[in-house]
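Here is the structure we will look at.
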Amino acid sequence: MIIGDNTRMRNGRGLQDQWADTVAVRPRTTERQITVHRKLVLGFAISILALIVVTIIAVLLSLRYEECGDGSRRVINSSILEAARFNQNLEAGKDAGDGPNHLPEKDTEKDWKPWTFLRLPTHLRPLHYNLMITAFMDNFTFSGEVNVEVECLNASRYIVLHAHRLSVEKVQVAEDRVAGDVKVSNYFAYPPNQVLVVVLNRTLDAQKSYNLKIIYNAIIENELLGFFRSSYVIHGERRSLGVTQFSPIHARKAFPCFDEPIYKATFKISIKHQTSYLSLSNMPVETSVFEEGGWVTDHFSQTPLMSTYYLAWAVCNFTYREAVTRSGVVRYTEP
Ligand SMILES: *[C@@H]1O[C@H](CO)[C@@H](O)[C@H](O)[C@H]1NC(C)=O
Ligand SMILES: *[C@@H]1O[C@H](CO)[C@@H](O)[C@H](O)[C@H]1NC(C)=O
Ligand SMILES: *[C@@H]1O[C@H](CO)[C@@H](O)[C@H](O)[C@H]1NC(C)=O
Ligand SMILES: *[C@@H]1O[C@H](CO)[C@@H](O)[C@H](O)[C@H]1NC(C)=O
Ligand SMILES: *[C@@H]1O[C@H](CO)[C@@H](O)[C@H](O)[C@H]1NC(C)=O
C-alpha cells in the first residue's frame, strides 16, 4: 500500500513536471502545437462540462431520492405518532388523568379508580397470609379461605388485590385485634387487570393493620397454570393429581393475593383433602387433623418472608421419599 502510494505520488509529481514543461514552452510554441493545445483545452472543457452536468443530475436525483426517503419516513413517523396518540387517548379515557400509584387528594378519591391501573396501588401491604384450601379431586374444584393481614400505608376506602377466575362468596374486613368490623359496601372483580376490588364503608387509617377475609371457590383447571390438574396411569389405574404453577403471575388463580414480587409476606397454608391423597407444600407438615368421611387437613408450618410466586403445593397420590440435601433442603423423590 505504502509503496503504491509512493508510486502514485511520484507519478503525480511526474505529471506536474510535464505541465510545468508545457507551460514553460508556451511562449515558443508553433501553430501545430497551439492547435493541439486548443483541442486539448476544448476536450478538457467539454469533459469538465459533462462532469458538471452529470454531477448536477446526480445531485438532483439524489435530492429527489432523499425527499422520497424522507417522505416515507415521515409517513411512518406520523403513523407511529398517531398510534401513540391513540393509545394515550385510550389510557386517558380509561384512567381519567391520574397517574398510577398516585394517591389523590381527599376530595378527588371519588374519581380515583385504582383498579384501572396495571399495577396494584401502593397504599396497602400484605404482611401475612393464612390460607386454607379444600381440594375436591372428584369433581376438580376447590374452595378456599384466605385471611390476609394488611398494613395500611395511606388512608383509602379501597382494597385492590389480584384474583383471577375465582368465584368470591364472601368478603370481610376487620380492624386487627379490635373486634370492630369495617363494613364492606361492595366488592367486584375487574377482569381486565385480574383484580378484586373491595369498597369499604369508611376509609382505612394509615399506620394500622387490618384483616381481610375472603371465601371463594374455583376449578382445578386442566391447564398448566395456577392450581391445575393432571393425571397419569399406574398399574392400569388412572390417578389424578393437583399441582401449582404460580410463577410469574398465576398465584392469583389459586387465591386472592397481592401477586407482585415486591409484596413479600409470610404464608401459613392448610390443605384439606381425601385420605387417599397426600399433600405437599413449601414447608413441612406441622399437624394432620383427620375428620370423619375420609378427609384430612394438613397444616404446614409458616414460610419465611417471600413473594407469592414462590409458593407451591400439590395434592397427589404418589408415595414419596423425603431426602435432606447437605445444604438442608428437603427434596421429595420417587421411592
Ligand atoms: C422520526 O423522525 C425523527 C426526526 O424527525 C427521527 O429522528 C426518527 O428517527 C424518525 N423515526 C422513524 C421511526 O423514522
Ligand atoms: C364438588 O364436590 C364437593 C364435595 O364432593 C361439593 O361440595 C361441591 O359442590 C362440588 N362442586 C361442584 C362444582 O360440583
Ligand atoms: C403514603 O404514606 C407514606 C408513609 O406511610 C408517605 O411517605 C407518603 O407520602 C404517603 N403518600 C401519599 C400520597 O399520601
Ligand atoms: C356506611 O354505612 C352507613 C350505614 O349502613 C350508611 O348510612 C352510610 O351511607 C355508609 N357510608 C358510605 C360512605 O357508604
Ligand atoms: C392412592 O390411591 C389408591 C386408590 O385409591 C389407594 O389405594 C392408595 O392408598 C393411595 N395412595 C396414597 C399414597 O394415598
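The residues of the chain are indexed from 1 along the displayed sequence. As the structure lists them, so they are numbered: ligands from 1, and atoms in each ligand from 1.
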field: Numbered atoms and elements of ligand 3 in range of Q207, under 4.0 angstrom, heavy atoms
entry: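 Answer, ordered by atom number: 5 (O).
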query: When clusters are formed by joining ILVMFWY residues with side-chain heavy atoms under 4.5 Å apart, either directly or through shared neighbours, do M132 and V296 land in the same one?
result: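 Cluster IDs for M132 and V296 differ.
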Output side-chain donor-acceptor pairs under 3.5 Å for residues 215-226, partner residues at least two apart or in another chain, one line each.
unit_1	atom_1	unit_2	atom_2	d
Y216	OH	A254	O	2.7
N217	ND2	E169	OE2	2.7
E223	OE2	R165	NH1	3.4
E223	OE2	R165	NH2	2.6

- request: Please state whether H123 comes within less than 4.0 angstrom of ligand 3, counting heavy atoms only.
  value: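 Under 4.0 Å: no for H123.
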query: How are the rings of F136 and W295 set to each other: parallel, tilted or perpendicular (split at 30° and 60°)?
result: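 Judged by the thresholds at 30° and 60°, the geometry between F136 and W295 is perpendicular.
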task: Indicate whether atom 2 (O) of ligand 2 is within a distance of less than 4.0 angstrom of some protein heavy atom.
output: yes
message: For the aromatic rings, using the six-membered ring if either is Trp, is the centroid distance between W112 and H123 under 6.0 Å?
response: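 Aromatic pair counts; centres sit under 6.0 Å.
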field: is_close_aromatic(F246, Y309), centroid dist under 6.0 Å
entry: no
query: What protein heavy atom sits nearest atom 5 (O) of ligand 2, and how far off is it?
result: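 Checked against all protein heavy atoms, atom 5 (O) of ligand 2 sits closest to F136 CD2, 4.1 Å.
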statement: atom 14 (O) of ligand 2 sits nearest the protein heavy atom N139 ND2, 3.3 Å
- request: Give a yes/no on ligand 2: does T141 have at least one heavy atom closer than 4.0 angstrom to it?
  value: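 Yes, T141 has a heavy atom closer than 4.0 Å to ligand 2.
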